[in-house]
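The structure under discussion appears below in the form of structure tokens.
Quick caveat, the model's predicted, so the values are computed rather than measured. Every chain is numbered from 1, with letters handed out A, B, ... down the list of sequences.
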2 protein chains.
Amino acid sequence: MIQSSNIHVQCRQTAIAINDAMELLAGKWTPRVIMALLVREILCFTELKKEIGGVSSKVLSASLKRLEQHLIVERNVLPIQTGKVEYQLTDHGKSLEKLLEELSITGVKHRIVLTGRNVTENARVEVKLYGTKNAL
Amino acid sequence: MIQSSNIHVQCRQTAIAINDAMELLAGKWTPRVIMALLVREILCFTELKKEIGGVSSKVLSASLKRLEQHLIVERNVLPIQTGKVEYQLTDHGKSLEKLLEELSITGVKHRIVLTGRNVTENARVEVKLYGTKNAL
DNA sequence: CAGCATCCATCGAGATACTG
DNA sequence: CAGTATCTCGATGGATGCTG
């Protein structure tokens, strides 16, 4: 109670920062795009599309445009004739690797926690995690 | 090219883990709920609602239920008469603090990057970040 | 107090087809 | 090749009102 105002201010700032970061990585395909570019470094549109797999042109295009606006991705239209466009991460984009790792660690751990105990009770949760969305 | 299959497999696993983690923190209020419980440790429904501010009963209720299913939050119905329900983080829930910090760091840094250069070009982005969603 | 029921607006994303 | 244009659908969240 006594410390509430301080905590409130700080938490609110932090919460906003967290929301910024979440928004940055939001969208079903955003992390995958960044990962692909972390590994491959430079890819053009169709390569990226194949690399990721399952994403439509429209959605990928929108995703890239957003990342470009956020200065995560750099878009380079190649010289005439080729008709290709290359994408690569900016330095800022590359700096997201650490966060993605942290997310990955949490994701893995979470899956272990969920499946490690009381399977019956968490059946629905499991279905959600394994069945619908993130199936291999 | 040569290493592609390996990378593919590994990346896919990682991508799924990342999606799990993102899904875990998904929902507009989820990070705020976790933060509130990290700071306050134990809160009942209405306290939580006030602490967060701006969230409706319905949405908060749904958010808590989801977190409970994911073993992030523990729900304790208090003895008779009080009619209160307490919420607190599980150990697993508490372990999310590190990830939230990392997200916060990225969020802060991102805001600096976006506002640090070429303001004109990124006006739209700024509006998005400051105006609509994450305004103070 | 805690939370559910209902209605409604918005939005992300998939499918499909088309263009410079 | 690198997108854009529609259209549709489902999920999310806000507002409001009601209950044990």
Side-chain angles (χ1 to χ4, degrees), chain A residues 15 19 22-33 36-37 42-70 73-88 124-125 127-129 131-135, chain B residues 15 19 22-33 36-37 40 42-70 73-88 124 128 131-135:
Chain A
N19 279 342
M22 293 287 292
E23 198 185 326
L24 187 59
L25 297 183
K28 185 170 173 181
W29 303 101
T30 309
R32 276 193 138 93
V33 170
L37 290 174
I42 298 187
L43 289 171
C44 57
F45 191 83
T46 307
E47 287 171 340
L48 204 41
K49 202 177 155 186
K50 281 183 195 162
E51 184 74 23
I52 294 172
V55 63
S56 74
S57 293
K58 174 199 160 190
V59 173
L60 178 57
S61 171
S63 184
L64 284 167
K65 197 171 288 178
R66 239 202 54 230
L67 289 175
E68 202 192 342
Q69 289 176 341
H70 283 261
V73 156
E74 230 179 272
R75 200 184 104 115
N76 302 309
V77 180
L78 293 189
I80 347 172
Q81 274 186 338
T82 68
K84 290 199 175 185
V85 179
E86 281 182 349
Y87 293 93
Q88 60 186 311
R124 283 165 305 171
V125 180
V127 167
K128 256 194 187 169
L129 281 176
T132 323
K133 296 203 169 178
N134 300 330
Chain B
N19 279 341
M22 293 287 292
E23 198 184 326
L24 187 58
L25 297 182
K28 186 171 173 183
W29 304 100
T30 309
R32 276 193 138 92
V33 170
L37 290 175
R40 304 287 200 180
I42 299 189
L43 289 170
C44 58
F45 192 83
T46 308
E47 287 171 342
L48 204 42
K49 203 178 156 185
K50 280 184 196 161
E51 183 75 22
I52 294 172
V55 64
S56 74
S57 292
K58 174 196 160 191
V59 174
L60 178 58
S61 171
S63 184
L64 285 167
K65 195 173 287 177
R66 239 202 54 230
L67 288 175
E68 201 192 343
Q69 289 176 341
H70 282 262
V73 157
E74 229 178 271
R75 202 184 103 115
N76 302 309
V77 180
L78 292 190
I80 348 173
Q81 275 187 335
T82 69
K84 290 199 174 186
V85 180
E86 281 182 349
Y87 292 92
Q88 60 186 311
R124 284 164 306 170
K128 258 193 188 169
T132 325
K133 297 204 170 178
N134 300 329

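At a threshold of 4.5 Å between non-hydrogen side-chain atoms, the residues A:Val73 and A:Tyr87 count as touching. The shortest distance between side-chain heavy atoms of B:Arg75 and B:Leu64 does not fall below 4.5 Å.
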Can you name the atoms? Protein N/O to nucleotides 14-20 of chain C N/O, anything below 3.5 Å, with the distance.
| residue | atom | partner | partner atom | Å |
| --- | --- | --- | --- | --- |
| C:dG14 | OP1 | A:Lys28 | NZ | 2.9 |
| C:dG14 | OP2 | A:Trp29 | NE1 | 3.2 |
| C:dG14 | O6 | A:Lys58 | NZ | 2.4 |

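Heavy-atom distances to DNA chain D give each of A:Leu64 and B:Ala26 a nearest nucleotide, and the one nearer the 5′ end belongs to A:Leu64.
Every residue meeting the side-chain contact (heavy atoms from CB on, under 4.5 Å) condition with B:Thr82, not counting sequence neighbours, appears here in chain and number order: B:Leu78, B:Lys84. Listed by chain and number, the residues in a side-chain contact (heavy atoms from CB on, under 4.5 Å) with B:Ser56 are B:Lys58, B:Val59 (sequence neighbours excluded). In terms of the side-chain contact (heavy atoms from CB on, under 4.5 Å) criterion, B:Lys65 has no residue partners (sequence neighbours excluded). Contacts of A:Ser57 classified as side-chain hydrogen bond (donor to acceptor under 3.5 Å, both in side chains), with partners at least two apart in sequence or in another chain: A:Lys49.
A:Glu23 places its CD atom 15 Å from the C1' atom of D:dT12, with the value rounded to the nearest Å. Here C:dG3 presents its P atom at 11 Å from NZ of B:Lys49, a figure rounded to the nearest Å. If you measure from atom CG of B:Leu60 to atom P of C:dC1, you get 14 Å, rounded to the nearest angstrom. Atom-to-atom, CG of A:Leu25 to P of C:dG12 comes out at 15 Å; the value is rounded to the nearest Å. Rounding to whole angstrom units, CZ of residue B:Phe45 and C1' of C:dA2 are separated by 6 Å. Atom P of nucleotide D:dT12 and atom CE of A:Met22 are separated by 13 Å, given to the nearest angstrom. The CD1 atom of A:Ile52 sits 14 Å away from the C1' atom of C:dA13 (whole-angstrom rounding). Here the P atom of nucleotide C:dG3 and the CD atom of B:Glu86 are 12 Å apart, to the nearest Å.
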>> Using the rule given for side-chain contact (heavy atoms from CB on, under 4.5 Å), can you reason through B:Thr30 versus B:Leu24, listing the C-alpha separation, both sets of side-chain angles and the distance that settles it, and then say yes or no?
In response: CA-CA 8 Å; B:Thr30 309; B:Leu24 187 58; over 6 Å; no

> Please walk me through it: do B:Leu60 and B:Phe45 pass side-chain contact (heavy atoms from CB on, under 4.5 Å)?
Replying inline: CA-CA 9 Å; B:Leu60 178 58; B:Phe45 192 83; 4.0 Å; yes

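In this model, the phosphate group of D:dG3 is approached by a side-chain N or O of A:Tyr87 to a distance below 4.0 Å at OP1 or OP2. Between A:Thr46 and D:dC1 there is a side-chain polar atom (N or O) within less than 4.0 angstrom of OP1 or OP2. Applying the 4.0 Å criterion to OP1 and OP2 of C:dG12, one finds that A:Arg66 has every side-chain N and O outside that range.
The end-to-end axis angle of the helix from C:dC1-D:dG20 to C:dG20-D:dC1, rounded to 10 degrees and based on five pairs per end, is 40°.
The B:Lys65 side chain lies nearest to C:dC4 when the options are C:dC4, D:dA2, D:dT4.
Between A:Asn19 and B:Arg32, the closest heavy-atom pair is ND2-NH1, 3.7 Å.
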